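Input: a single structure, listed below in structure tokens.
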Amino acid sequence: GTVTTDGATATYTPNAGFNGAAFLTLGVNDLGNSGLGGPLSDGPDLATITVTPVNDLPSGTSGTISIPQSTSRAFTAADFGFADVDAGDTMSAVRIDTLSLPPGATLQLSGLDVTNGQVIATAQLGNLLFTPFAGVSGMAYAHFSCIVQDSAGGFGPASDTITLTGFGLGVLAVPAL
């Protein structure tokens, strides 16, 4: 870490990601300004600074999932690419931020339509089901943006996009409903 001073206050800035005990050795010298016949000094003294750990935010990854035409697809935690530098933090949820689904397609949790801003616990991801409109396929058929949450409660700093691509022998255009 580094220490800066303005002459009256010292500020310690730890290295990124550091937590625990840091030690600062201090010495004081009045440079002869005490008027008592020369410089007076004291020290060295040792100060212990305790740096408390904070929750580092997790990250997810954008990805493309290919599904056969007219086939529903349930999600798993692996679909969201969770990573966290904090030891022991696990993925606790996903927040769906924006949905871009073509007419007739659905993204449902346990049979109910998912809405923007909805937080879905990791344990429920197997109940998160994308269903395309029957007979329709194509590149980037549907997508949604989402942010992962870690077990300490922090949401990632940026959205990731999950793109669903359908393949098959069906129509390549989305039908008008």
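Note that this is a predicted model, so its numbers are computed, not measured.
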Drop me the distance from [X]'s [atom1] to [Y]'s [atom2], to the nearest 0.5 angstrom.
X      : Y      : atom1 : atom2 : answer
Asn116 : Asp97  : CG    : CG    : 7.5 Å
Thr106 : Leu112 : OG1   : CG    : 11.0 Å
Phe130 : Ile67  : CZ    : CD1   : 5.0 Å

Discussion item. Please verify the inter-ring angle class for Phe144 with Phe80; under 30° counts as parallel, over 60° as perpendicular, anything in between as tilted.
Written reply: tilted
Taking all heavy atoms of [X] and all of [Y], pick out the closest pair and write down the distance.
X     : Y      : answer
Leu99 : Val114 : CD1-O, 3.2 Å
Arg95 : Gly117 : CG-O, 3.7 Å
Val51 : Phe18  : CG1-O, 3.5 Å

Discussion item. I'd like to know whether Ile162 forms a side chain to side chain contact (heavy atoms under 4.5 Å, CB included) with Phe75, so could you lay out the CA-CA distance, the side-chain angles of the two residues, the decisive distance to 0.1 Å, and finally the verdict.
Written reply: CA-CA 11 Å; Ile162 305 298; Phe75 290 87; 4.2 Å; yes
Worksheet entry | Pairs meeting criterion salt bridge (charged side-chain N to carboxylate O under 4.0 Å, His left out) with involvement of residues 133-143, two or more places apart | none
Worksheet item: Got a sec, which pairs hit salt bridge (charged side-chain N to carboxylate O under 4.0 Å, His left out) with one end in residues 75-94, sequence neighbours left out?
Response: Arg73-Asp79
Practice prompt. Assess whether side chain to side chain contact (heavy atoms under 4.5 Å, CB included) is satisfied between Phe23 and Thr48, documenting all intermediate values.
Written response: CA-CA 5 Å; Phe23 303 97; Thr48 302; 3.6 Å; yes
Is there a path of hydrophobic side-chain contacts, each under 4.5 Å between heavy atoms, that joins [X] and [Y]?
X      : Y      : value
Tyr12  : Leu24  : yes
Leu107 : Ile147 : no
Val148 : Leu57  : no
Leu109 : Val94  : yes
Val119 : Leu128 : no

Item to complete: State, without any angle test, whether Ser62 and Thr161 hold a side-chain donor-acceptor pair at a distance under 3.5 Å.
Response: no
Discussion item. Test side chain to side chain donor-acceptor pair (under 3.5 Å) on Thr64 and Thr163; report intermediate values, then the result.
Written reply: CA-CA 5 Å; Thr64 299; Thr163 302; 4.5 Å; no
Worksheet item: Got a donor-acceptor contact below 3.5 angstrom from the Ser70 side chain to the Ala134 backbone?
Response: no
Discussion item. Apply side chain to side chain contact (heavy atoms under 4.5 Å, CB included) to residues Thr76 and Leu125 and explain how you reach the verdict.
Written reply: CA-CA 5 Å; Thr76 67; Leu125 287 176; 5.9 Å; no
